[in-house]
Undergrad: 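Structure provided below as structure tokens; questions to follow.
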Amino acid sequence: MKLLVVGSVAFDAIETPFGKTDKILGGAATYITLASSVLGVESGIVSVVGGDFPQADLDMLSNRKINIEGIEIVKEGKTFFWSGKYHNDLNSRDTLVTEVNVLEHFDPKIPDSMQDAEVLLLGNLHPGVQLSVLEKMKNKPKLVILDTMNFWMDSAWGILMEMIAKTDVISINDEEARQLSGEYSLVKAAQKIHTLGPKYVIIKKGEHGALLFHEGKIFSIPALPLEVVFDPTGAGDTFAGGFGAHLAKTGDFSFENMKAAIIVGSAMASFTVEKFGTERLETVTNEDLKNRINDFKNLTSFEVAL
């Protein structure tokens, strides 16, 4: 199956306790499709960049068989830019600079080559933009995966509710789940979010792993303990990329396969944090992914004699 990804292709400048970068490649769609390319899934990006975006980065994406026909280049504009500084625990950060630039007037254009994509993954954008993508698709996707954030809950509640109602899988963090539902308990939060539309609810808990909810069933996976964590930027998007790509590759949207997809997503995300930006993700092989998934198996497999 094809995976269509709508989201930002951007520049980031990152500072963590372990170092800092100048402007480097970033953006939700970038992380998502790089992760999907490791699984050999045919994916395409719908996004917008400015005339300052390097051809070398576009070539890198194309060379990984990522369809970039849907990336609009506004030659007189500048690419979205975000700069942030992480605190010592790497769980919290301060945004230093946000320059929306060409993303402010982003009008998604879906190329004919991706109109038949069966899996649609909507990265964190204005819900009105996300909704417009669904309306522009000639064929209704078999699975719609949605990412959103607190900002849209505060500023675009009505249209966000419209988008969530058309969503099959929503992937948000614990803070966002509590705000969206008004419930502190994540179990109750997931139950409430189900009533808004999504059949599957994923609640990410950072270094504490992730939870999957579906029809009263719950699956939990821990985060993989790592020796080196340099930069958590893009880890959530990489998680979504691995998750969506596994579903597109297998064509199986059952709860059992969603569990497998969460493990694949978590394994992919564990690579991203090992270096700044997309640097580590660009070198991951399918063999690396298999080994990392085995690490998860060893971490969570046990037998108890009673």
Undergrad: Taking atom CG of N88 as the centre, does the number of heavy atoms from other residues, nucleotides or ligands within less than 6.0 Å exceed 12?
TA: no

Undergrad: Would you mind reporting whether E287 and L289 have side-chain heavy atoms less than 4.5 Å apart?
TA: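 Not touching, per the 4.5 Å side-chain cut-off.
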
Undergrad: For the residue pair S171 and F239, establish whether any side-chain heavy-atom pair is separated by less than 4.5 Å.
TA: yes

Undergrad: Where is the tightest heavy-atom contact between V6 and F106, given as atom of each residue plus distance?
TA: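 Shortest heavy-atom separation between V6 and F106 comes out as CG1-CE2, 4.3 Å.
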
Undergrad: Could you tell me which residues satisfy ring-ring contact (aromatic ring centres under 6.0 Å, His included) with F255, sequence neighbours excluded, listed by chain and number?
TA: H214

Undergrad: Hey, are the side chains of F81 and T79 touching, using non-hydrogen atoms and a 4.5 Å cut-off?
TA: no

Undergrad: Rounded at 0.5 Å granularity, tell me how far NE2 in H194 sits from CG in L196.
TA: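 Atom-to-atom, H194:NE2 and L196:CG are 10.5 Å apart.
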
Undergrad: With no hydrogens and no angle check, is any side-chain donor or acceptor of T167 less than 3.5 Å from a backbone partner on I170?
TA: no

Undergrad: Please report the shortest heavy-atom distance between K109 and E72, naming the atom on each side.
TA: NZ-OE1, 3.5 Å

Undergrad: Distance-only check: which donor-acceptor pairs under 3.5 Å involve side-chain atoms of residues 18-29, not counting sequence neighbours?
TA:
residue, atom, partner, partner atom, Å
T21, OG1, I14, N, 3.0

Undergrad: Would you check if H246 and I262 make a side-chain contact, meaning some heavy-atom pair closer than 4.5 Å?
TA: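 No, too far: nothing below the 4.5 Å cut-off.
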
Undergrad: Looking only at heavy atoms, which two atoms of E175 and N173 are closest? And how far apart?
TA: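 Shortest heavy-atom separation between E175 and N173 comes out as N-OD1, 3.1 Å.
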
Undergrad: For residues 118-135, which side-chain N or O atoms pair as donor and acceptor with protein atoms under 3.5 Å away, sequence neighbours left out?
TA:
residue, atom, partner, partner atom, Å
E118, OE1, K2, N, 2.8
N124, OD1, W152, NE1, 2.9
H126, ND1, G128, N, 2.8
Q130, NE2, G123, O, 2.8
Q130, NE2, D147, O, 3.0
S132, OG, V129, O, 2.7

Undergrad: Test of understanding: with salt bridge (charged side-chain N to carboxylate O under 4.0 Å, His left out), list the residues that count as partners of K259, not counting sequence neighbours.
TA: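 Once residues adjacent in sequence are excluded, the partners of K259 under the salt bridge (charged side-chain N to carboxylate O under 4.0 Å, His left out) criterion are E256.
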
Undergrad: Listed by chain and number, what are the side-chain hydrogen bond (donor to acceptor under 3.5 Å, both in side chains) partners of S270, not counting sequence neighbours?
TA: R292

Undergrad: Heavy-atom distance under 4.5 Å between the side chains of R93 and T16, does that happen here?
TA: no

Undergrad: Would K78 and V102 satisfy side chain to side chain contact (heavy atoms under 4.5 Å, CB included), going step by step from the backbone distance to the final call?
TA: CA-CA 6 Å; K78 288 187 175 182; V102 294; 5.6 Å; no

Undergrad: Are side-chain heavy atoms of I45 and E69 found at a separation under 4.5 Å?
TA: no

Undergrad: Tell me, which pairs form a ring pair (Phe, Tyr, Trp, His ring centres under 6.0 Å) where one or both residues lie in residues 40-66, sequence neighbours left out?
TA: F11-F53

Undergrad: Would you tabulate the side-chain donor-acceptor contacts of residues 221-238 under 3.5 Å, counting partners in other chains and residues two or more places apart, or write 'none'?
TA:
residue, atom, partner, partner atom, Å
D231, OD1, T233, N, 3.0
D231, OD1, T233, OG1, 2.6
D231, OD2, G277, N, 3.0
T233, OG1, Y86, OH, 2.8
T238, OG1, G234, O, 2.7
T238, OG1, T272, OG1, 2.9

Undergrad: Is there a donor-acceptor pair under 3.5 Å between the side chain of K85 and the backbone N or O of T95?
TA: no

Undergrad: What's the verdict on side chain to side chain contact (heavy atoms under 4.5 Å, CB included) for V9 and I68, showing C-alpha distance, side-chain angles and the deciding distance?
TA: CA-CA 11 Å; V9 175; I68 62 170; over 6 Å; no

Undergrad: Using the side-chain hydrogen bond (donor to acceptor under 3.5 Å, both in side chains) criterion, which residues pair with N291? Sequence neighbours excluded.
TA: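 Per chain and number, N291 pairs via side-chain hydrogen bond (donor to acceptor under 3.5 Å, both in side chains) with no residue.
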
Undergrad: I need the T33 OG1 to L3 CG distance, nearest 0.5 Å.
TA: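 If I round to the nearest 0.5 Å, the distance is 8.5 Å.
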
Undergrad: Search all heavy atoms of A190 against all heavy atoms of I203 and return the closest pair with its distance.
TA: CB-CD1, 4.4 Å

Undergrad: Show the atom names and distances, to 0.1 Å, of all donor-acceptor pairs under 3.5 Å that link a side chain in residues 206-213 to residues at least two apart or in another chain.
TA:
residue, atom, partner, partner atom, Å
E207, OE2, N91, ND2, 2.8

Undergrad: With no hydrogens and no angle check, is any side-chain donor or acceptor of E183 less than 3.5 Å from a backbone partner on K188?
TA: no

Undergrad: Report the C-alpha separation of R280 and T283 in whole Å, then their side-chain angles, then the decisive distance to 0.1 Å, and conclude whether the side-chain hydrogen bond (donor to acceptor under 3.5 Å, both in side chains) test is met.
TA: CA-CA 5 Å; R280 178 67 180 100; T283 66; 2.9 Å; yes

Undergrad: Give, for atom CG of L61 and atom CG of L34, the distance between the pair rounded to the nearest 0.5 Å.
TA: 6.0 Å

Undergrad: Go through D112 and K138 one step at a time and tell me if the salt bridge (Lys or Arg N to Asp or Glu O under 4.0 Å) criterion holds.
TA: CA-CA 9 Å; D112 291 340; K138 296 172 184 174; 3.6 Å; yes

Undergrad: Taking all atoms of both residues into account, what is the closest heavy-atom pair of F219 and I263, and its distance?
TA: CZ-CD1, 4.2 Å

Undergrad: Distance from L247 atom CG to F243 atom CZ, nearest 0.5 Å?
TA: 4.5 Å

Undergrad: Can you pull out every side chain to side chain donor-acceptor pair (under 3.5 Å) where at least one residue sits in residues 34-49? Sequence neighbours excluded, please.
TA: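 Non-adjacent pairs meeting side chain to side chain donor-acceptor pair (under 3.5 Å): S36-S43, S37-R64.
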
Undergrad: Once ring pair (Phe, Tyr, Trp, His ring centres under 6.0 Å) is applied, what residue pairs with a partner in residues 158-189 remain, sequence neighbours excluded?
TA: none

Undergrad: What is the distance from atom OG of S266 to atom CZ of F271, rounded to the nearest 0.5 Å?
TA: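 Reported value, rounded in 0.5 Å steps: 12.0 Å.
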
Undergrad: Would T285 and D288 count as a side-chain hydrogen bond (donor to acceptor under 3.5 Å, both in side chains) if you check the C-alpha gap in whole Å, the side-chain angles of each, and the deciding distance to 0.1 Å?
TA: CA-CA 5 Å; T285 65; D288 292 331; 3.1 Å; yes

Undergrad: Give the C-alpha distance, both sets of side-chain angles, the deciding distance and a yes or no for salt bridge (Lys or Arg N to Asp or Glu O under 4.0 Å) between D52 and K75.
TA: CA-CA 8 Å; D52 57 344; K75 292 185 178 180; over 6 Å; no

Undergrad: Quick one: list whatever passes side-chain hydrogen bond (donor to acceptor under 3.5 Å, both in side chains) with E282, sequence neighbours left out.
TA: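 Partners of E282 by the side-chain hydrogen bond (donor to acceptor under 3.5 Å, both in side chains) criterion, ordered by chain and then number, come out as T278.
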
Undergrad: Nearest 0.5 Å, what's the CD-CG distance between E274 and L281?
TA: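 E274 CD to L281 CG: 10.5 Å, rounded to 0.5 Å.
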
Undergrad: Would you sort out whether F253 and V169 count as a side chain to side chain contact (heavy atoms under 4.5 Å, CB included), showing the intermediate values?
TA: CA-CA 10 Å; F253 305 147; V169 184; over 6 Å; no

Undergrad: Go through the steps for E176 and M153 under the test side chain to side chain contact (heavy atoms under 4.5 Å, CB included), then give the verdict.
TA: CA-CA 9 Å; E176 292 158 351; M153 297 174 201; 3.7 Å; yes

Undergrad: Nearest heavy-atom pair of I172 and A177: which atoms, and what distance?
TA: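 Closest heavy-atom pair between I172 and A177: CD1-CA, 3.6 Å.
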
Undergrad: Within the supplied structure, the quantity of interest is the number of heavy atoms (other residues, nucleotides, ligands) at a distance under 6.0 Å from K217 NZ; does it exceed 12?
TA: yes

Undergrad: Under 4.0 Å between a side-chain nitrogen and a carboxylate oxygen: does that hold for D168 and K142?
TA: no

